Chemist: 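Below are the structure tokens for one structure; questions will follow.
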Amino acid sequence: MLPAQAAAWQHLERITREVFAGYGYEEFRVPVIEQTQLFKRSIGDFTDIVEKEMFSFVDQGEDHITLRPEATAGIVRAAISNGLLREGRLRVWCMGPMFRRERPQAGRYRQFHQIDAEAFGFEGPDVDAELVLLSARLLRRLGLTRIKLLVNSLGTPQVRAAYKDQLAAYFGAHEAALDEDSKRRLRGNPLRILDSKNPDMQSIVAGAPLLLDALDAESKAHFEGLCAHLRSAGIEYHIEPRLVRGLDYYTRSVFEWSTDALGSQSAVCAGGRYDGLVAQLGGPGTPGIGWAMGQERILMLLEKQGLIPPRDGPQVYLVLVGEGTEIQGFKLAEQLREARPGLKLQINLGGGSFKAQFKRADKSGAQFALILGDDEVARGVVALKALRQDLAQEECPMDRISERLGSLLGL
């Protein structure tokens with residue numbers, strides 16, 4: 001992230017913090033490095049992430065460690081090891097870098113950043129709805145359009161096990177037409193074949209049995225409860241029976257916000273339930289649900305839709321002209337920052353002619369220039385010039401300039 005891009009990142013992060021606070025979610029920060037086995041146990045051996053994309057290595061102590069490819073497993077591990085699930089319920093969020101060894105392209109990087117929301121200890125569809133509504137509000141607060149919500153249910157592990165048998169039989173009958181990845185997944189986890197991105201596989205995938213048709217009564221009721229909540233809240237959604245998540249720990253509700261504005265990188269937020277993950281990683285049996293949102297893709301959408309805020313530069317640039325002005329100028333700048341905590345003031349450094357300094361002032365994007373020369377120092381005043389408005393230059397006593405700037409800038 002270069003300085004010119006900082007305003008967009010800070011805008012996204014500020015809105016994110018405000019939205020999570022509005023739902024009572026607390027910030028959680030977990031390590032970037034975890035034991036490799038954590039991700040193998042949680043994500044699944046037959047996923048692309050574990051098989052192809054993790055940055056894993058053996059360190060000097062012979063420990064097998066991995067740069068985190070996603071946040072959920074680390075949050076679950078940290079919640080268990082710190083006893084945060086003893087009371088049964090927890091709602092948290094985090095934000096930060098993830099790492100996957102993929103082919104870099106627009107919206108897909110080897111180091112990328114995610115916003116992540118997780119809730120533990122809630123069994124009903126109400127929390128599923130809350131997390132979808134939270135993501136919808138975040139996207140709405142950002143002003144984004146051309147996004148749609150896809151929902152599906154993967155059922156219970158028992159339902160999915162029976163469904164995997166159906167898939168194995170179906171894809172086994174078409175094995176000669178499967179690509180090598182799909183043949184390998186057929187022997188390990190045929191559900192992963194539904195995730196195939198190979199265009200030659202799509203007609204075969206389209207004919208596969210639907211998991212929605214195999215759901216048990218409880219899973220159907222849970223999914224219908226989620227849909228009812230979404231309808232009640234006025235959230236438009238589309239049931240997508242082929243929607244599966246790329247991680248093995250998901251159960252029941254899964255969802256994805258997608259866009260047609262970013263080409264092949266269509267998913268901007270995705271998540272779902274993982275009711276067995278906490279127990280799988282050694283914790284108490286605790287239902288869980290969460291989602292992750294790609295920050296880079298959100299920023300790409302903001303840029304495409306003209307929603308990037310202006311660069312956050314200084315409001316005031318202090319021009320110092322004359323050999324005796326530097327000490328007084330620094331003193332004045334510190335007094336102004338002390339008196340007006342919200343003031344963004346940049347002081348000229350490295351000298352330069354009056355003309356050169358004004359060029360710097362204009363390039364900085366500042367709204368006003370303060371001019372302090374030897375004559376102004378001697379008279380105890382400072383000149384004030386508007387750089388973006390047609391206002392007459394004025395002089396102001398040094399002990400009144402803070403008040404004047406506060407009035408002009410609304411501080």
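If you're wondering where the values come from, they're calculated on a predicted model, not measured in any experiment.
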Chemist: Counting only heavy atoms not in R400, do more than 12 fall under 6.0 Å of its CZ?
Modeler: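 No, because the 6.0 Å sphere around CZ of R400 holds 12 heavy atoms or fewer from other groups.
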Chemist: Would a distance-only check, ignoring hydrogens and angles, find a side-chain to backbone donor-acceptor pair under 3.5 Å from Q5 to A8?
Modeler: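 Side chain of Q5 to backbone of A8, a donor-acceptor pair under 3.5 Å: no, none is there.
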Chemist: So for atom NZ, which belongs to K304, do other residues, nucleotides or ligands contribute more than 12 heavy atoms lying within a distance under 6.0 Å?
Modeler: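 Atom NZ in K304 is not crowded, with 12 or fewer foreign heavy atoms closer than 6.0 Å.
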Chemist: Which residue pairs pass the salt bridge (charged side-chain N to carboxylate O under 4.0 Å, His left out) test with at least one member in residues 85-94, sequence neighbours excluded?
Modeler: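 Qualifying pairs: R91-E130.
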Chemist: If you compare all heavy atoms of A383 against all heavy atoms of E376, which two are closest, and at what distance to 0.1 Å?
Modeler: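 Nearest pair, atom of A383 first, then E376: N-CG, 4.3 Å.
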Chemist: Within the side chain of N82, is there an N or O that forms a donor-acceptor pair under 3.5 Å with the backbone of A78?
Modeler: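 Yes, the answer is positive, given that a donor and an acceptor are paired below the 3.5 Å cut-off.
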Chemist: So for atom CZ, which belongs to R140, do other residues, nucleotides or ligands contribute more than 12 heavy atoms lying within a distance under 6.0 Å?
Modeler: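 It does: R140 CZ has more than 12 such atoms within range.
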Chemist: Report yes if the side chains of L134 and Y25 come closer than 4.5 Å at any heavy-atom pair, otherwise no.
Modeler: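 The answer is yes, as the side chains (C-beta and beyond) meet within the 4.5 Å cut-off.
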Chemist: Step by step, work out the side-chain hydrogen bond (donor to acceptor under 3.5 Å, both in side chains) result for Q35 and H64.
Modeler: CA-CA 6 Å; Q35 296 286 340; H64 292 255; over 6 Å; no
Chemist: Are more than 12 heavy atoms, taken from residues, nucleotides or ligands other than Q367, located less than 6.0 Å from that residue's CD atom?
Modeler: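 Count over threshold, so yes.
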Chemist: Any idea how H174 and Y170 line up, ring-wise: parallel (<30°), tilted (30 to 60°), or perpendicular (>60°)?
Modeler: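 The arrangement is tilted - the two ring planes meet at 30° to 60°.
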Chemist: Hey, does the side chain of Q202 reach the backbone of N198 with a donor-acceptor pair shorter than 3.5 angstrom?
Modeler: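 Answer holds: yes.
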Chemist: Got more than 12 heavy atoms from elsewhere within 6.0 Å of CD, E18?
Modeler: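 Yes, the 6.0 Å shell around CD holds more than 12 heavy atoms from other groups.
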Chemist: Does any N or O in the side chain of T16 come within less than 3.5 Å of the main-chain N or O of L12, such that one atom is a donor and the other an acceptor?
Modeler: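 Checked: pair present.
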Chemist: Is a salt bridge present between R252 and E123, judged by a nitrogen-to-oxygen distance below 4.0 Å?
Modeler: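 A salt bridge is absent here (no side-chain N lies under 4.0 Å from a carboxylate O).
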Chemist: I'd like to know if the side chain of W291 reaches the main chain of C269, judged simply by a donor and an acceptor atom lying under 3.5 Å from each other, with no hydrogens or angles considered.
Modeler: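 No, because the side chain of W291 does not come within donor-acceptor range (under 3.5 Å) of the backbone of C269.
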Chemist: Below 4.5 Å, heavy atoms only, C-beta onward: do L318 and N348 meet side chain to side chain?
Modeler: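 No. Closest side-chain heavy atoms not under 4.5 Å.
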Chemist: Measure the shortest side-chain to side-chain distance between V278 and P284 over non-hydrogen atoms and say whether it is less than 4.5 angstrom.
Modeler: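 Counting from C-beta outward, V278 and P284 do come under 4.5 Å.
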Chemist: With sequence neighbours excluded, tell me which residues meet side-chain hydrogen bond (donor to acceptor under 3.5 Å, both in side chains) with H229.
Modeler: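 Testing H229 for side-chain hydrogen bond (donor to acceptor under 3.5 Å, both in side chains), a comparison that skips the adjacent residues, returns none.
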Chemist: Could you go through D362 and R388, starting from their C-alpha distance and side-chain angles, then the distance that decides it, and tell me whether this counts as salt bridge (charged side-chain N to carboxylate O under 4.0 Å, His left out)?
Modeler: CA-CA 9 Å; D362 185 57; R388 314 294 164 198; 2.9 Å; yes
Chemist: Just wondering, are more than 12 heavy atoms of other shown residues or ligands nearer than 6.0 Å to CD in Q37?
Modeler: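 Count over threshold, so yes.
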Chemist: How would you list, by chain and number, every residue that makes a side-chain contact (heavy atoms from CB on, under 4.5 Å) with I33, sequence neighbours excluded?
Modeler: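 side-chain contact (heavy atoms from CB on, under 4.5 Å) check on I33 returns I65, L67.
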Chemist: Within the 4.5 Å heavy-atom criterion, are L307 and L142 side-chain neighbours or not?
Modeler: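 In short, these two side chains do not touch, never coming nearer than 4.5 Å.
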Chemist: Do any N or O atoms from the side chain of R68 and from the backbone of V30 form a donor-acceptor pair under 3.5 angstrom?
Modeler: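 Checking the backbone N and O of V30 against the side chain of R68, a donor-acceptor pair under 3.5 Å is found.
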Chemist: Going through the distances and angles, do W93 and F20 end up as a ring pair (Phe, Tyr, Trp, His ring centres under 6.0 Å)?
Modeler: CA-CA 8 Å; W93 69 276; F20 277 118; 4.9 Å; yes
Chemist: Check whether Q114 reaches the backbone of D116 with its side chain - one donor and one acceptor, N or O, closer than 3.5 Å.
Modeler: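 No.
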Chemist: Considering residues, nucleotides and ligands other than R110, do more than 12 of their heavy atoms fall under 6.0 Å from its CZ?
Modeler: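 Yes, CZ of R110 has more than 12 neighbouring heavy atoms, counting only those of other groups under 6.0 Å.
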Chemist: Verify side-chain hydrogen bond (donor to acceptor under 3.5 Å, both in side chains) between S402 and Q335, making sure each step is shown before the conclusion.
Modeler: CA-CA 8 Å; S402 171; Q335 288 173 342; over 6 Å; no
Chemist: Can you find a heavy atom in the side chain of Q295 that is under 4.5 Å from one in the side chain of M95?
Modeler: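 Yes, their side chains come closer than 4.5 Å.
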Chemist: Distance only, no hydrogens: is a donor on one side chain within 3.5 Å (strictly under) of an acceptor on the other, for T66 and T36?
Modeler: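 The answer is yes; a qualifying pair exists.
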Chemist: Should the pair D213-K220 be classified as a salt bridge under the 4.0 Å nitrogen-to-oxygen rule?
Modeler: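 Here D213 does not pair with K220 in a salt bridge, since their nearest N and O are not under 4.0 Å apart.
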Chemist: How about T259 and R146: does a side-chain donor come under 3.5 Å of a side-chain acceptor?
Modeler: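 Their side chains do not contain a donor-acceptor pair, so the 3.5 Å distance test is not met.
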Chemist: Counting C-beta onward and ignoring hydrogens, is there a side-chain heavy-atom pair between Q280 and V76 closer than 4.5 Å?
Modeler: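 Of all side-chain heavy-atom pairs linking V76 with Q280, none is under 4.5 Å.
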Chemist: Could you tell me if the side chain of H222 sits less than 4.5 Å from the side chain of P125, heavy atoms only?
Modeler: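 Heavy-atom side-chain distance check passes, below 4.5 Å.
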Chemist: Look at atom CD of E218 and say whether more than 12 heavy atoms of other residues, nucleotides or ligands are closer to it than 6.0 Å.
Modeler: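 Atom CD in E218 is not crowded, with 12 or fewer foreign heavy atoms closer than 6.0 Å.
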Chemist: Where is the tightest heavy-atom contact between L384 and R404, given as atom of each residue plus distance?
Modeler: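 That closest heavy-atom pairing would be CD2-CG, 4.0 Å.
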Chemist: If every non-hydrogen atom of L320 is compared with every non-hydrogen atom of Q357, which pair is closest and at what distance?
Modeler: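 Looks like O-NE2, 2.6 Å.
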Chemist: Return yes if some donor-acceptor pair links the side-chain N/O of R242 with the main-chain N/O of A208 below 3.5 Å, else return no.
Modeler: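 Yes: the side chain of R242 pairs with the backbone of A208.
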Chemist: Measure the CG-CG distance between L332 and L370 for me, rounded to the nearest 0.5 Å.
Modeler: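 Answer for the CG-CG pair, L332 versus L370, is 6.5 Å.
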Chemist: Hey, is R184 close enough to E180 for a salt bridge, meaning N to O under 4.0 Å?
Modeler: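 A salt bridge is absent here (no side-chain N lies under 4.0 Å from a carboxylate O).
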Chemist: Compare all side-chain heavy atoms of L243 with those of E256 and state whether any distance is below 4.5 angstrom.
Modeler: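 They are in side-chain contact.
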